[in-house]
Amino acid sequence: MPELPEVEVVRLGLERFLPDRTVIDYRSNGKPLRLCSETQDMRRLLIGSRFLTVGRRAKYLLLELDNRSLLVIHLGMTGRLGLFPEKTPVLTHDHRRWLLDNGLELRFNDARRFGSLLIFPEETRATAERELFAGIGLEPFAPDCTADYMRAKAAGRTLPVKQFLMDGRAVAGIGNIYANEALFAAGIRPDRPAGRISRKKWLLLLQEIIRILRHAIACGGSSISDFLGTDGKGGYFQVHFSVYGRAGQACPRCFKPIKAIRLAGRSTFFCASCQR
DNA sequence: ATGGCCTCCTGTATGC
DNA sequence: TGCATACAGGAGGCCA
């Protein structure tokens with residue numbers, strides 16, 4: 001599922017095509033999503049409105065309209081957004097569709113339906129955003145997301161650092177893949193208690209997180225099985241994976257076999273020799 | 001407060 | 001081939 005880089009790739013795709021487009025129609029196939037606003041609210045607030053900006057916070061996409069309402073989209077594990085000519089056959093998991101004034105349709109496809117689509121009118125959007133993002137940490141690219149900040153957040157925590165990164169309350173947008181990759185790059189074992197990372201290691205880890213996320217965005221994200229950008233094309237950062245999904249294969253640094261364990265139920269990959 | 005576990009849902013891979 | 005099982009990139013809720 002999409003982590004920060006994949007969501008950012010989708011955002012960049014939408015940003016090229018959505019601004020200035022007016023919504024002509026909205027259709028739902030009635031299948032429930034994890035969270036979804038009522039069809040009547042979507043139609044009332046979106047039809048006749050024009051998209052202005054396409055933003056992102058953590059793994060959420062924020063689409064602002066000219067009536068100042070805000071469409072919030074979360075892709076969950078398998079959500080995809082794509083733009084298609086109106087006549088394109090609708091696929092099984094195309095759950096929601098927005099017809100635009102240029103004959104293209106924005107479609108939300110989500111096999112597992114863990115995604116969310118929420119519309120907030122101008123009056124409630126500020127409150128809604130505050131509640132939605134209340135527990136979410138800093139964006140990794142934000143200037144105030146520093147080693148000292150991370151160290152302070154992790155102080156006293158015995159939780160494995162991988163879970164600390166993925167949990168999003170300190171730093172946003174890092175999921176299973178990029179947590180694994182960043183910890184390898186920084187030479188830190190995923191099961192090391194978050195509170196037992198030195199300042200020097202936090203400096204290195206943050207630097208690697210930023211480098212890897214940027215590189216992944218430049219690669220169009222990671223497509224393991226189902227991530228696609230809005231243009232329907234996959235990313236290729238997966239060819240740069242050092243540890244993720246590489247159990248038993250040679251560590252790119254020392255050539256010893258990569259280990260696979262489960263941490264909080266999630267697949268975890270690391271090199272026991274390079275990561276301490 | 002913290003951390004572990006479970007759940008939502010479907011598709012795919014693997015093993016018997 | 002068919003069937004059962006495990007697992008998948010997220011995230012929120014519940015419980016000890």
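Excluded from the calculations below are hydrogen atoms, water molecules and symmetry mates; all remaining heavy atoms, backbone and side chain alike, are included. Every chain is numbered from 1 and lettered A, B, ... according to where its sequence line falls, protein lines coming before strand lines. Predicted, not measured: the structure shown is a model, and the values here were computed from it.
Looking at heavy-atom distances under 4.0 Å, A:Tyr178 makes no contact with the nucleic acid at all. When heavy atoms are screened at a 4.0 angstrom cut-off, A:Arg113 is found touching the sugar-phosphate backbone but no base atom. If you check every strand for non-hydrogen atoms under 4.0 Å, A:Tyr60 touches sugar and phosphate atoms only. Among the heavy atoms of the strands lying under 4.0 Å from A:Arg262 are primed sugar atoms or P, OP1, OP2 only; no base atom is included. A:Ala111 comes within 4.0 angstrom of sugar-phosphate atoms only, judged by non-hydrogen atoms across all strands, and of no base.
Using a 4.0 Å cut-off between charged side-chain N and carboxylate O, A:Glu3 and A:Lys59 make no salt bridge. Look at A:Arg50 and A:Asp20 and you find a salt bridge, because one of the NZ, NE, NH1 or NH2 atoms lies within 4.0 Å of a carboxylate O, short of that distance. A:Arg199 has a carboxylate O that lies under 4.0 Å from a charged side-chain N of A:Asp148, or vice versa, which qualifies the two as a salt bridge.
Between A:Thr158 and B:dG3 there is a side-chain N or O to OP1 or OP2 distance below 4.0 Å. When the side-chain nitrogen and oxygen atoms of A:Gln163 are compared with OP1 and OP2 of B:dG4, one or more of them lie within a distance under 4.0 Å. Here A:Arg266 reaches the OP1 or OP2 of C:dG10: one of its side-chain N or O atoms lies under 4.0 Å away. OP1 or OP2 of B:dG3 has at least one side-chain nitrogen or oxygen of A:Arg157 nearer than 4.0 Å. For the pair A:His93 and B:dC9, the criterion of a side-chain N or O lying under 4.0 Å from OP1 or OP2 is not met.
The NZ atom of A:Lys31 sits 6 Å away from the P atom of B:dT10 (whole-angstrom rounding). Put simply, CG on A:Leu91 is 15 Å from C1' on B:dG11, counting in whole angstrom units. Nucleotide C:dG10 holds its C1' atom 12 Å from the CD atom of A:Glu6, rounded to whole Å. Taking atom CG of residue A:Leu35 and atom C1' of nucleotide B:dT7, one finds them 14 Å apart after rounding to whole Å. Atom NE2 of A:His95 and atom C1' of B:dG11 are 12 Å apart (whole Å). Put simply, CE on A:Met77 is 13 Å from C1' on B:dT12, counting in whole angstrom units. In this structure, the CE atom of A:Met166 is 15 Å from the P atom of B:dG3, given to the nearest Å. Nucleotide B:dG3 holds its C1' atom 12 Å from the CG atom of A:Leu263, rounded to whole Å.
For A:Lys201 (side chain) and A:Ala186 (main-chain N/O), a donor-acceptor pair under 3.5 Å exists by modelled atom type.
Picking from C:dA11, B:dG3, B:dC9 the nucleotide with the shortest atom distance to the side chain of A:Leu159 gives B:dG3.
Across all strands shown, B:dC9 has no partner, as no Watson-Crick or G-U wobble contact with both distances under 3.5 Å is found.
The aromatic rings of A:His95 and A:Phe108 sit tilted, their planes meeting at an angle between 30° and 60°. Classification of the A:Phe237-A:His215 ring pair by plane angle, with boundaries at 30° and 60°, yields perpendicular.
Nearer to the 5' terminus of DNA chain C, by closest-nucleotide assignment, is the contact made by A:Arg112 (compared with the other of A:Leu132 and A:Arg112).
Look at the P atom in both B:dC5 and C:dC7: the space between them is 14 Å, to the nearest Å.
The aromatic ring of A:Phe114 sits over the base of B:dC8, with ring centres less than 5.5 Å apart and planes tilted by under 30°.
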